[in-house]
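Structure record follows, encoded as structure tokens.
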Amino acid sequence: MTYQELAQRINRPTAIRAVASAVGRNPWMMVVPCHRVIRTDHTMGGYRGGLPLKTALLKMENTLTTLAF
């Protein structure tokens, strides 16, 4: 999901920067998965835990969802 899509979901389509700021202040970043929110141009954007961690989390999730159990 992008920051813009998230802003639209909460019925604040012009509040993209506010949404990005709120996501960035998420105190439960490992419980509420804010690392899944990306920029509209599909680049990573920022992450309070650092972009290497954001990349690793997304890669790990993709690996786990593609495993056949």
Side-chain angles (χ1 to χ4, degrees):
M1 171 179 303
T2 67
Y3 296 103
Q4 182 177 28
E5 291 168 340
L6 187 53
Q8 290 171 345
R9 275 194 181 186
I10 63 168
N11 295 319
R12 304 281 189 194
T14 61
I16 299 165
R17 291 176 66 106
V19 166
S21 181
V23 169
R25 290 189 314 266
N26 176 8
W28 303 296
M29 61 189 225
M30 298 306 276
V31 178
V32 180
C34 58
H35 64 277
R36 295 179 183 154
V37 185
I38 59 172
R39 291 180 177 171
T40 303
D41 66 0
H42 298 281
T43 59
M44 287 289 183
Y47 186 61
R48 190 174 48 149
L51 289 180
L53 179 58
K54 183 174 186 171
T55 302
L57 288 169
L58 291 170
K59 190 178 290 186
M60 180 184 67
E61 288 178 348
N62 188 43
T63 300
L64 292 175
T65 59
T66 58
L67 291 176
F69 289 97

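What you see is a predicted model; the values in this text were computed from it and never measured.
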Q. Would the number of heavy atoms belonging to other residues, nucleotides or ligands and lying under 6.0 Å from CZ of R9 be above 12?
A. no
Q: Report yes or no: do R25 and S21 form a side-chain donor-acceptor pair below 3.5 Å?
A: yes
Measure the spacing between [atom1] of [X] and [atom2] of [Y] and express it to the nearest 0.5 Å.
X: I38; Y: Q4; atom1: CD1; atom2: CD; value: 11.5 Å
X: L58; Y: L53; atom1: CG; atom2: CG; value: 9.5 Å
X: H35; Y: T55; atom1: NE2; atom2: OG1; value: 10.5 Å

Heavy-atom closest contact ([X] atom, [Y] atom, distance):
X: M44; Y: L51; value: CB-CD2, 4.0 Å
X: G46; Y: K54; value: O-NZ, 3.3 Å
X: Y47; Y: C34; value: CE1-SG, 3.9 Å

Q) Is there side-chain contact between V19 and R12, with at least one heavy-atom pair below 4.5 Å? A) no
(Q) For residues M1 and I10: do they belong to one hydrophobic cluster (side chain heavy atoms under 4.5 Å, members Ile, Leu, Val, Met, Phe, Trp, Tyr)? (A) yes
Q: Treating Ile, Leu, Val, Met, Phe, Trp and Tyr as nodes and any side-chain heavy-atom pair under 4.5 angstrom as an edge, say whether I16 and V37 lie in one connected cluster.
A: yes
